[in-house]
Amino acid sequence: MDLDRDLNPQQREAVFHEGGPLLVLAGAGSGKTRVLTYRIARLVGRTGLAPYRILAITFTNKAADEMRGRIRQLVGEASREMWTGTFHSICARLLRQHGDLVGIERSFVIYDETDQLRLVKNCIRNLGLSDSQVRPAAVLALIDRAKNQGLEPPAGVLMPTGSRREEIEAVLRAYRDSLRQAGALDFGDLILFAHQLLREHPAVLARLRDRFRAILVDEYQDTNRAQHLFLKTLVPEGGDLCVVGDDDQSIYRWRGAEVENLLRFEKDFPGARILVLEQNYRSTANILRAAESVARGNPERHPKSLWTANDAGEKVTYLEAGTPDDEARAVAREIRSLVPARGFSFRDVAVLFRTNAQSRAFEESFLLFQIPYALVGTTRFYERTEIKDLTAYLRFLYNPKDSVSLQRILNRPARGIGKTTEEALVRLAAERGVSLWEGMEQAVTEPGLVSATAARRIREVVGTLVALRERAAAAPSLVKLLEDVLDRSGYSSFLESLPDKERRVENVEELLRTASAFEETQESTSLSETLGAFLEKVALVSEADQYSEKANVVTLMTLHCAKGLEFEIVFLVGMEDGLLPHQRSSLDAAGLAEERRLCYVGMTRARRKLYLTRARLRTRYGERQEAVPSPFLLDIPAELLETEQQRIETWPAAEPRRARRQPAATAAESGVHFDFSESQIDLPALPGVPAAGRRQTYRVGDRIEHEDLGRGIVRKVEGGGEKEKITVQFEHGGIRKLMARLSPIRKIER
DNA sequence: TTATAATTGTTTTTT
DNA sequence: ACAATTATAA
Ligand SMILES: Nc1ncnc2c1ncn2[C@@H]1O[C@H](COP(=O)(O)OP(=O)(O)OP(=O)(O)O)[C@@H](O)[C@H]1O
């Protein structure tokens, strides 16, 4: 790291800026993250600030670790003193230390979305309502929205018009009370209570302000209002706050992020300096131009003039394949031709998609083509049933009031406690205002609360858990504790009895390894402390944390996960209308704009070569449909694209029906022996193919230009010959149905 | 209470 | 199409 040589003048200005808040607002690949890292290096190396006086907030834990790693090279072990992490992990840390001041016990647990939903459902039931009267997911959305804005339900909740106002409010109150009862915080609470702590306890605030002389935040465009307000309270007037972000890369609006935090930074932090970085160092000129032309499609954006000194590079390849399987194979074949023949390694390649469901086709084709890959994100490790079960045991042992965890393990393994008993217990606890655990204790001591059989079985569970708790108190280590849980709860034998036990046991072993590794890094004194820290880490892992550039494998991940990363070669797959932009987001202009930004983020991950691919046919809700190219493709100037069209190769009827649940570990194992000649099917069987004599001259996806209406893309082709009709979506927004032979249109060559 | 059948919605993205 | 939830039977 060379502070003088590795930076351009604007970057240097940002790195050396002193005297108050600083916003670096800049496009993709312009070195924002580099500025943050170098700024820390400057603070430590030149200004002489001790690392423990620095707070660096990143979007993922992995980004935090990386930043710390860089600083470590500079100052060695002192870098450990620096506080880094996500907003959530930093707030959790604050609350572990000072939570008691705002009524939060030291051993609080963190509820994820599943836990939240369970709790909301309980609340609804306990109020004598049904799921269909008050939809749990809708209530949860209200709760999250309010909390993301820094409000506390039911106070800040904007009720949906009319319906069931009172009931919903009651659920909100019950939810809040149950969380407290359980000694649990949801994600939103972490920020909210940490903020409350700062507001209500000047002494704490003063200590923190005194300690943190420099605060840095990455990816500021994706912070929510609660986080912004937290920061506003934490940073003293004129304090050394440096945030970096790019409004074109704001992709978490759906989760409460407000790009306004970035755009109005100056208002909230008076005297703030705003710096702009304009040189992109990451991508070839062609890639950058293509990406910028997509981004420009959004009317509301902070104007930027991003440029690059890099070569034009290759054109962006646009590849149209037949089916999603074809798409995946085409990508695999392409990767095979690049690695190693053209000097690339597998680790240089990423396949980015909008939805996790798209990954399966790629996994299968990579197995077939023997391409090593790592799937980041999908079916999150800690959300797997057996892992959630085990961590629920741990959480209960850590905090017996955690009723959601207890409820989960009540009948896991099966102990004859069915839904009836479970509901009775949950209700009993709610009525008496006690935790589920206390409710259970009362149910076995006070006769008549539950049936005799139920009481007997509850007694058994209570016995098992009490024994476990005693063992836990004496357990020498986290791993030992987990092993105790496995053996003594009967969970081990339960796993063995399952049909897919191998996979599950493997996962459990993975958990044991993780716990063991975690324990090594911990220097806490008591097991309870280690356990708490472990549970917190488990609750706050980011999807993107799994990504590693160390392994020489192709990375498969969602566009959201790819934020902030870069790869030599990027395949942005599924470039179809309905997928990118996703149908569910395309309902309003704001949603569509976010999809566009997502596309921009994906494209700008590429350094040297970008592929945009799509399938012509895709199955949606069980039906095979003709897919329409993503409208974003229309925004890319044709001269930047190189189009490749492929015939449909794989067609379900021609494929042997093979198990598709779980891709096998190796290609050989998967039993996929693909002979392409066998699976090639003649086109006439497909929909949308012209019948003889009534030729269609247009195809869905063709680009056309209309004399008056401008450029557009063909969405639908009907009839043929003289009567051929095409439906066209024009760039200027309109959709028109035209007679192909009569209208003044022509196809645009690409 | 558990096993099976019928029905529902689900596909967005995730701290 | 498929998984997950819910109704029904045993
Ligand atoms: N002054 C510079 N000279 C050479 N390379 C640079 C310079 N600044 C940044 N880079 C390189 O450019 C690439 C992008 O930098 P960085 O990731 O910091 O950008 P960013 O603005 O955070 O990107 P994004 O917002 O797209 O995630 C990195 O590979 C980085 O090493």
Side-chain angles (χ1 to χ4, degrees), chain A residues 57-64 85-92 110-117 121 130-132 135-137 140 144 147-148 185-192 219 222-224 226-227 250-257 352-360 376-380 382-383 385 411 414-423 451 453-454 457 536-546 557-563 574 576 578-587 591-592 594-595 597-599 601-602 618-625 652 657 660-661:
Chain A
I57 305 177
T58 54
F59 199 72
T60 63
N61 297 297
K62 181 167 168 287
T86 62
F87 268 102
H88 289 95
S89 65
I90 280 159
C91 288
I110 299 167
Y111 276 3
D112 68 12
E113 200 179 326
T114 317
D115 303 321
Q116 285 182 291
L117 208 56
K121 281 181 183 164
S130 82
D131 283 13
S132 45
R135 286 195 22 240
L140 198 50
D144 279 339
K147 289 187 176 181
N148 285 335
L185 302 180
D186 61 25
F187 288 131
D189 285 340
L190 291 173
I191 314 292
L192 240 41
E219 309 279 11
D222 280 322
T223 54
N224 64 35
Q227 294 164 338
S250 154
I251 54 174
Y252 283 94
R253 202 185 65 98
W254 54 272
R255 203 176 74 181
L352 309 180
F353 37 78
R354 177 67 237 267
T355 67
N356 284 310
Q358 287 166 262
S359 68
R360 204 194 55 202
V376 177
T378 51
T379 44
R380 295 190 251 187
Y382 293 106
E383 309 230 313
T385 324
N411 201 32
R415 301 179 173 108
I417 296 181
K419 212 161 76 182
T420 325
T421 313
E422 177 189 325
E423 264 172 34
S451 75
T453 0
R457 288 176 171 152
E536 184 175 308
K537 187 184 150 146
V538 165
L540 298 178
V541 279
S542 320
E543 294 281 16
D545 293 346
Q546 297 167 41
M557 64 181 154
T558 63
L559 288 165
H560 284 89
C561 273
K563 184 164 81 154
E576 294 149 41
L579 210 47
L580 183 65
H582 199 277
Q583 196 143 39
R584 301 271 302 229
S585 313
S586 313
L587 302 170
L592 201 62
E594 180 145 303
E595 296 293 305
R597 292 192 295 268
L598 205 45
C599 184
V601 168
R618 196 169 291 267
T619 317
R620 276 192 90 74
Y621 295 101
E623 249 187 312
R624 211 155 255 269
Q625 288 180 346
R657 257 195 116 56
R660 315 186 104 215
R661 302 295 319 277

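To find a chain, count down the sequence lines: A is the first, B the second, and so on, and within it residues start at 1. Scope of the values below: all heavy atoms of this structure, side chains included, with no hydrogens, waters or symmetry mates.
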Tell me: [atom1] of [X] to [atom2] of [N], nearest whole Å?
| X | N | atom1 | atom2 | answer |
| --- | --- | --- | --- | --- |
| L117(A) | dT5(C) | CG | C1' | 13 Å |
| R618(A) | dA1(C) | CZ | C1' | 15 Å |
| R255(A) | dT13(B) | CZ | P | 13 Å |
| R360(A) | dA3(C) | CZ | P | 9 Å |
| E219(A) | dT15(B) | CD | P | 13 Å |
| I251(A) | dT15(B) | CD1 | C1' | 13 Å |
| K121(A) | dA4(C) | NZ | P | 12 Å |
| F353(A) | dT12(B) | CZ | P | 16 Å |

What nucleotide among [options] has an atom nearest to a side-chain atom of [X]?
| X | options | result |
| --- | --- | --- |
| T86(A) | dT15(B), dT12(B), dT14(B) | dT15(B) |
| N356(A) | dT15(B), dT14(B), dT12(B) | dT14(B) |
| W254(A) | dT15(B), dT13(B), dT12(B) | dT13(B) |
| T558(A) | dT13(B), dT15(B), dT11(B) | dT13(B) |

For this session: Begin from the C-alpha positions of Q625(A) and T619(A) and carry the test side chain to side chain contact (heavy atoms under 4.5 Å, CB included) through to its verdict.
Result: CA-CA 6 Å; Q625(A) 288 180 346; T619(A) 317; over 6 Å; no
Exercise. Going by atom types alone, do Q358(A) and T355(A) pair a side-chain donor with an acceptor below 3.5 Å?
Worked result: yes
Exercise. Which residues pass the salt bridge (Lys or Arg N to Asp or Glu O under 4.0 Å) test with D186(A), sequence neighbours left out?
Worked result: K147(A)
Between protein and nucleotides 1-4 of chain B, what N or O pairs are separated by less than 3.5 Å?
| residue | atom | partner | partner atom | Å |
| --- | --- | --- | --- | --- |
| dT1(B) | OP1 | G416(A) | O | 3.3 |
| dT1(B) | OP1 | G418(A) | N | 2.6 |
| dT1(B) | OP1 | T421(A) | OG1 | 2.7 |
| dT1(B) | OP2 | T420(A) | OG1 | 3.1 |

Seminar exercise, completed: Of Q116(A) and E595(A), the one whose closest nucleotide on DNA chain B sits nearer the 5' end is E595(A)
For this session: Check every strand shown and say whether T355(A) touches a base, only sugar-phosphate, or nothing at a heavy-atom separation below 4.0 Å.
Result: sugar-phosphate
Exercise. Can you list the residues that meet the side chain to side chain contact (heavy atoms under 4.5 Å, CB included) rule with T60(A), with sequence neighbours excluded?
Worked result: K62(A), A63(A), S542(A), A544(A), D545(A)
Exercise. For dT12(B), does OP1 or OP2 lie under 4.0 Å from any side-chain N or O of H582(A)?
Worked result: yes
Exercise. Got a donor-acceptor pair under 3.5 Å from the side chain of R584(A) to the base of dT11(B)?
Worked result: no
Problem set entry | Partners passing side chain to side chain donor-acceptor pair (under 3.5 Å) against K121(A) (at least two apart in sequence or in another chain) | none
Problem set entry | Counterpart residues, side chain to side chain donor-acceptor pair (under 3.5 Å), relative to K537(A) (two or more places apart) | none
Exercise. With sequence neighbours left out, what residues match H560(A) under ring pair (Phe, Tyr, Trp, His ring centres under 6.0 Å)?
Worked result: Y252(A), W254(A)
